[in-house]
Amino acid sequence: MIWMPMYIHVIFSYLAAVGFAVFLNSPKKTLYVAGSIGMISWVIYVLLMRINIDMMTSNFIAASIAALLSEILARKMKKPTILFIVPGIITLIPGLGLYNTMSYVVEADFQLAFTTGANVLLASGAIALGVIVISSLFRTYYRNLREKLHINRTL
């Protein structure tokens, strides 16, 4: 990862997430929130990478936090979670790794292409796993809480 000042990461990750939310035709009320979630997840990823935590763990933690924020804010704003989760994790997608994998294949350096491709696949899996785990836990907790409130109302 190329070292840049943190304010550059903050500005461009926010703009990327808002841009992707606009691309997905999100309502105007959700653009700022979706951009903030994308910015927070990217900043967490960068900070974890700077303290030498491996890429898969950094992606998992950043995606988990993005999923948690998306679930909470979706319920608070009464909007679908997908409006927040997709722009929230779009900054974590390892696009440069995908590009490098394909360029190594074109150059016929298959060993490096396989290594880079495996790292990209594991990083993408860590992002997906972070979203799935947190969303499943949150929805299970929320359903149990709703059932408990429903039982208390009937008593």
Side-chain angles (χ1 to χ4, degrees), residues 1-75 77 79-142:
M1 175 184 290
I2 298 172
W3 192 91
M4 290 186 294
M6 189 56 77
Y7 71 90
I8 300 285
H9 286 286
V10 168
I11 292 168
F12 286 107
S13 62
Y14 180 81
L15 290 175
V18 168
F20 204 83
V22 168
F23 177 71
L24 292 174
N25 292 325
S26 295
K28 288 182 182 178
K29 285 174 51 176
T30 64
L31 293 180
Y32 303 113
V33 176
S36 298
I37 293 172
M39 177 191 63
I40 290 168
S41 67
W42 178 252
V43 167
I44 289 169
Y45 172 77
V46 169
L47 291 174
L48 291 173
M49 291 295 286
R50 284 187 181 177
I51 60 173
N52 293 327
I53 294 178
D54 64 303
M55 184 172 64
M56 274 55 89
T57 306
S58 299
N59 274 319
F60 178 80
I61 293 170
S64 297
I65 291 172
L68 182 63
L69 290 173
S70 297
E71 292 286 345
I72 292 169
L73 292 171
R75 284 177 176 59
M77 296 181 76
K79 300 286 184 192
T81 307
I82 196 78
L83 293 176
F84 304 108
I85 195 66
V86 173
I89 64 169
I90 198 68
T91 56
L92 300 175
I93 305 298
L96 181 61
L98 291 168
Y99 175 81
N100 287 338
T101 300
M102 292 300 113
S103 67
Y104 295 143
V105 169
V106 170
E107 295 169 1
D109 190 354
F110 296 113
Q111 173 109 19
L112 196 53
F114 181 76
T115 305
T116 307
N119 283 337
V120 166
L121 188 64
L122 289 172
S124 300
I127 294 167
L129 191 63
V131 170
I132 289 169
V133 167
I134 295 300
S135 292
S136 298
L137 290 174
F138 191 87
R139 290 175 190 199
T140 302
Y141 172 76
Y142 191 73

Taking all non-hydrogen atoms of both residues into account, name the closest pair between [X] and [Y] and its distance.
X: Thr30; Y: Lys79; answer: CG2-CG, 4.0 Å
X: Thr91; Y: Ala16; answer: CG2-CB, 4.3 Å
X: Ser64; Y: Gly130; answer: OG-CA, 3.5 Å
X: Ala17; Y: Gly35; answer: CB-CA, 3.7 Å
X: Ile89; Y: Ala66; answer: CG2-CB, 4.1 Å
X: Met6; Y: Leu47; answer: CE-CD2, 3.4 Å

- Task: Look at the rings of Phe23 and Phe20 and say which category their plane angle falls in: under 30° parallel, 30 to 60° tilted, over 60° perpendicular.
- Result: tilted
- Task: Applying side-chain contact (heavy atoms from CB on, under 4.5 Å), run through Ile93 and Ile90 and close with a yes or a no.
- Result: CA-CA 6 Å; Ile93 305 298; Ile90 198 68; 4.1 Å; yes
- Task: Would you please test Phe110 and Val105 for side-chain contact (heavy atoms from CB on, under 4.5 Å) and show each step?
- Result: CA-CA 6 Å; Phe110 296 113; Val105 169; 4.3 Å; yes
For the residue pair [X] and [Y], establish whether any side-chain heavy-atom pair is separated by less than 4.5 Å.
X: Gln111; Y: Tyr104; value: no
X: Met39; Y: Ile11; value: no
X: Met4; Y: Val46; value: no
X: Phe84; Y: Leu69; value: no
X: Asn59; Y: Met55; value: yes
X: Ile72; Y: Phe138; value: yes
X: Leu92; Y: Trp42; value: yes
X: Glu71; Y: Tyr141; value: no

Any sub-3.5 Å donor-acceptor pair from [X]'s side-chain atoms to [Y]'s backbone N or O?
X: Ser58; Y: Asp54; answer: yes
X: Ser41; Y: Gly88; answer: yes
X: Ser13; Y: Val10; answer: yes

Give, for atom [atom1] of [X] and atom [atom2] of [Y], the distance between the pair rounded to the nearest 0.5 Å.
X: Phe12; Y: Leu15; atom1: CZ; atom2: CG; result: 6.5 Å
X: Tyr14; Y: Ile37; atom1: OH; atom2: CD1; result: 11.0 Å
X: Asn100; Y: Thr115; atom1: CG; atom2: OG1; result: 12.5 Å
X: Ile127; Y: Ile61; atom1: CD1; atom2: CD1; result: 13.0 Å
X: Ile53; Y: Ile44; atom1: CD1; atom2: CD1; result: 11.5 Å

- Task: May I have the step-by-step check of side-chain contact (heavy atoms from CB on, under 4.5 Å) for Leu83 and Leu24, ending in yes or no?
- Result: CA-CA 8 Å; Leu83 293 176; Leu24 292 174; over 6 Å; no
- Query: Testing Leu68, Leu129, Ile85, Ile65 for side chain to side chain contact (heavy atoms under 4.5 Å, CB included) with Ile134, which one passes?
  - Reply: Leu68
